[in-house]
A.B. asks: 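Before we start, here is the structure in question, set down as structure tokens.
Since this is a predicted model, take the numbers as computed values, not measurements.
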Amino acid sequence: MTKTIIELKNADLTLGQAAASVHVLKSISLSIGAGESVGIVGPSGSGKSTLLMVLAGLERLDRGEITIDGTALHALDEDGLAEFRGRNIGIVFQSFHLIPNMTALENVAVPLELANRANAFDIARKELTAVGLGNRLSHYPGQLSGGEQQRVAIARALAPSPKLLIADEPTGNLDGETGRQIADLLFAEQAGRGMTLVLVTHDPNLAARCGRQIQVRSGEIAGNGAARTAGDRTGDQRVPA
Ligand code: ADP
Ligand code: MG
């Protein structure tokens, strides 16, 4: 039986103040197994990004529990949370979030150095080569295509060898073919590393490539392949390759 890596219980969150407050997550419970790939889908504004940020330990719950790989994130203080994140969770965003005045190599190496990892630049060079950018190490983000920038962001996310990779619309700013190549890279890395991948996407083709889809509507889970076990994943929401 697959080990559970993400367990969310009655997760509840309201964002914003007073008249502008929005009840974004309404007592959401879900569990995700280690090594799974999960696509979170749903209408714009339904709470997908907020749910991802909770899973990433970047947004705290008002009520409920979030446990990642046996660690209760809701019980950690800010320092503990930051350290846990750095060690266990990689994050990729739609708009890449690279630092413009750092080269590709520095974008990947500097966070490793800040986390006191030895050989940060060697690791960064290796990760960038693995994503096909061995010949772009000294380029700045502004000198790279969108697909190349996303590869740098993926190398940066993977460099600490996280157990969990979280991606919010990772192909949302890319053309169809480039988006497919980035998706190929994400799934290859997920499989090769035995890593868990949780992504949000509007692209039905990308969602269909995930082992399971979770549908979010108005801050609630509307559809969830969770009933199927890891060994019984031949059902409705899985599309053969
Ligand atoms: P999605 O990613 O599904 O488009 P989000 O998680 O970004 O949705 O947002 C869900 C809802 O919460 C939206 O209605 C959005 O306007 C609202 N929201 C998100 N962040 C905040 C915030 N910091 N303050 C107030 N409302 C917010
Ligand atoms: Mg979003």
A.B. asks: Going by heavy atoms in the side chains, are Val198 and Glu36 under 4.5 Å from each other?
C.D. replies: no
A.B. asks: Which pairs count as salt bridge (charged side-chain N to carboxylate O under 4.0 Å, His left out) when at least one residue sits in residues 165-179, sequence neighbours excluded?
C.D. replies: Glu177-Arg180
A.B. asks: Do you know which two heavy atoms are closest between Thr201 and Asp203, and how far apart they sit?
C.D. replies: OG1-N, 2.9 Å
A.B. asks: With sequence neighbours left out, write down each residue that passes side chain to side chain contact (heavy atoms under 4.5 Å, CB included) with Pro204, or none if nothing qualifies.
C.D. replies: none
A.B. asks: May I ask you to test the Leu13-Val54 pair for a side-chain heavy-atom distance under 4.5 Å?
C.D. replies: yes
A.B. asks: Applying side-chain hydrogen bond (donor to acceptor under 3.5 Å, both in side chains), can you list everything that pairs with Glu78, at least two apart in sequence or on another chain?
C.D. replies: Arg60
A.B. asks: Any heavy-atom pair between the side chains of Leu158 and Met195 that's under 4.5 Å?
C.D. replies: yes
A.B. asks: So Leu55 and Ile66, do their side chains get closer than 4.5 Å, heavy atoms only?
C.D. replies: yes
A.B. asks: Apply side-chain contact (heavy atoms from CB on, under 4.5 Å) to residues His139 and Leu133 and explain how you reach the verdict.
C.D. replies: CA-CA 10 Å; His139 282 56; Leu133 291 180; over 6 Å; no
A.B. asks: Grab the two heavy atoms, one from Pro43 and one from Arg217, that are nearest each other, plus how far apart they are.
C.D. replies: CD-NH1, 3.2 Å
A.B. asks: Identify the heavy atoms of Ser46 and Ser218 that sit nearest to each other, and give their distance.
C.D. replies: CB-N, 3.7 Å
A.B. asks: Report yes if some heavy atom in the side chain of Leu15 is under 4.5 Å from a heavy atom in the side chain of Glu59; otherwise report no.
C.D. replies: yes
A.B. asks: Does anything in residues 37-94 form a ring-ring contact (aromatic ring centres under 6.0 Å, His included)? List the pairs, not counting sequence neighbours.
C.D. replies: Phe93-His97
A.B. asks: Quick check: do Asn10 and Ser27 have side-chain heavy atoms less than 4.5 Å from each other?
C.D. replies: yes
A.B. asks: Quick one: list whatever passes side chain to side chain contact (heavy atoms under 4.5 Å, CB included) with Glu220, sequence neighbours left out.
C.D. replies: Lys26
A.B. asks: Quick check: closest heavy atoms across Pro170 and Ile182, and the distance to 0.1 Å?
C.D. replies: O-CG2, 4.3 Å
A.B. asks: Would Arg151 and Glu189 pass as an ion pair if we require N to O under 4.0 Å?
C.D. replies: no
A.B. asks: Looking at Thr196 and Gly35, would you say the former's side chain and the latter's main chain have a donor-acceptor pair under 3.5 Å?
C.D. replies: yes
A.B. asks: Are Leu61 and Asp12 close enough, and set up right, to give a side-chain contact (heavy atoms from CB on, under 4.5 Å), and what steps lead you there?
C.D. replies: CA-CA 6 Å; Leu61 295 171; Asp12 209 276; over 6 Å; no
A.B. asks: Between Ile68 and Lys163, is any pair of side-chain heavy atoms under 4.5 Å apart?
C.D. replies: no
A.B. asks: Does a side-chain N-to-carboxylate-O contact under 4.0 Å join Arg209 and Asp184?
C.D. replies: yes
A.B. asks: Is there side-chain contact between Leu165 and Gln190, with heavy atoms separated by less than 4.5 Å?
C.D. replies: no
A.B. asks: Check residues 140-147 and write down every donor-acceptor pair under 3.5 Å in which the side-chain atom is one partner and the other belongs to a residue at least two apart or another chain.
C.D. replies:
from	atom 1	to	atom 2	distance (Å)
Gln143	OE1	Tyr140	N	2.8
Ser145	OG	Glu148	N	3.2
Ser145	OG	Glu148	OE1	3.4

